[in-house]
Amino acid sequence: MQTKVIKFGGSSLADAEQFRKVAAIVKADPARRYVVASAPGKRSGEDEKVTDMLYLCHTLASQHESYEAVFSKIEARYREIIAGLELAYSLDEEFQKIRAAIDKQTTPDYLASRGEYLNSLVLAKFLGFAFIDAASGVFFNEDGTFDDRHTYKALSALLSAETYAVIPGFYGSLPNGSIKTFSRGGSDITGSIVARAANAAIYENWTDVSGMLMADPRIVNNPRVIPEITYRELRELAYMGATVMHEEAIFPVREARIPINIRNTNAPSDPGTMIVSQSDTIPEDTIITGVAGRLGFSSITIEKDRMNTEVGFGRKVLGVLEHYGVSFEHVPTGIDTMSVIASTASITPNRDAIVGRIFRDTSADSVTVEGSMALIAVVGRGMVSAKGTAGRVCTALADSGVNIRMIDQGSGEHNILLGVDEKDYAAALNAIYEEFVHES
Ligand code: ASP
């Protein structure tokens, strides 16, 4: 039988009604064997996430304040789920253990991990699946990095002993046995690790949107869902701020070439977005896969006559940035000019010193810093075979009155990076989206 690993986010498991949707999805396909669960998320805009409440309990306890009111709210969340599912099941013993751990000043990681742990116990009960504790199958090294060798060996063995199982997301254990979590949103990573350990045919990541959108819906009105995207395109869009899941989650499955399918628990018949290692299909009516961007960049432009003949010039400039801990995003160059684009936040504290040092080290004719730049990436594997894409981008921006401060086409030809004024950011995104996507 084919194996599918299926991960549900916090909003998909926020209350009993959501649990029922999850069970219907899992039971609809016998290949959906291993389920990775998040902690209960928000049920509405003003609601609290269980994970946030657990962190709050830790903070209160460490300040010697009462955590009882918050902890009771957490208990109530689970009790409500269990009652709503009409399960003959009690977590009282677990709650007692957690309380005792808080009183003994447990770590924030242990406490935060209990959100996924308890939710997975309930889900396993409801589905009639085995429960596999992530603490015995997901491991970290002493320095906190993920221990892949140990994990895949242990986890594969645990999984192969069960036909159907629920595994809590977000945490694992350190060599000394104590609990460690991934960064926030880390259940996505666990899902990917489980998919790899189970050698799954697919990693289904169920959330509350019907896939990844071609553009930010806060800026572009009703953007389309991306039907299929490669890992590489996803990395580029994610780097520019477009996210549907934890950035680290693609690595375990990417290495094993397991596709990820982003799906919507509240609209299970929507096909969602497929994230694949390679794709030969290009949507018929658009050659771009998506467009995304970020605000908050500055450019440092250095001019010097005959710069192009000076060996080591770039190294000197980048050496100054390294000295001040500035990580650069991009380095467009001309014949006698070189620009370095970096986040404004990283330049600002040492701006004058950086300019002075570049002058000193390179004997430049001029060094200027300009802020308020937005970077935009137009990404698409379809651009490789299409002619004139950069021209279309430039024309669309010019027609919308947007000045391009920088443009660069990646040598892989599947992305175009643009720098525009922050004030033009929204207009630029809309102009590019409309140029390439025509609603029928
Ligand atoms: N519950 C954790 C968080 O809120 C992990 C997750 O949901 O992926 O960050």
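As the structure lists them, so they are numbered: ligands from 1, and atoms in each ligand from 1. Heads up: numbering here begins at 1 and tracks the sequence. Excluded from the calculations below are hydrogen atoms, water molecules and symmetry mates; all remaining heavy atoms, backbone and side chain alike, are included.
The cationic atom of Arg114 (NZ for Lys, CZ for Arg) lies less than 6.0 Å from the six-membered ring centre of Tyr117 and within 45° of the ring axis.
The pair Arg99-Glu75 counts as a salt bridge, with a side-chain nitrogen and a carboxylate oxygen less than 4.0 angstrom apart. A salt bridge links Arg196 with Glu255: at least one charged nitrogen is closer than 4.0 Å to a carboxylate oxygen.
Numbered from 1 in the order shown, with element, the atoms of ligand 1 that lie under 4.0 Å from a heavy atom of Ser187 read 5 (C), 6 (C), 7 (O), 8 (O). Taking a cut-off of under 4.0 Å to the non-hydrogen atoms of Ser38, the atoms of ligand 1 that pass are 6 (C), 7 (O), 8 (O). Counting atoms of ligand 1 from 1 in the listed order, those under 4.0 Å from a heavy atom of Arg184 are 3 (C), 4 (O), 9 (O).
At least one heavy atom of Glu116 sits under 4.0 Å from some atom of ligand 1. Residue Gly186 places a heavy atom less than 4.0 Å from ligand 1. Ligand 1 lies out of reach of Gly10, whose nearest heavy atom is not under 4.0 Å from it.
Polar contact with ligand 1: present for Gly185 (N/O pair, distance under 3.5 Å). Checked by distance only, ligand 1 and Lys49 come closer than 3.5 Å through their nitrogen or oxygen atoms.
Evaluation of the salt bridge (charged side-chain N to carboxylate O under 4.0 Å, His left out) test over residues 174-187, restricted to residues two or more places apart or in two chains, returns Asp52-Arg184.
Among residues two or more places apart in sequence or in another chain, the side-chain contact (heavy atoms from CB on, under 4.5 Å) test is passed with Asn403 by Arg405.
Between Met406 and Leu418, every side-chain heavy-atom pair lies at or beyond the 4.5 Å cut-off.
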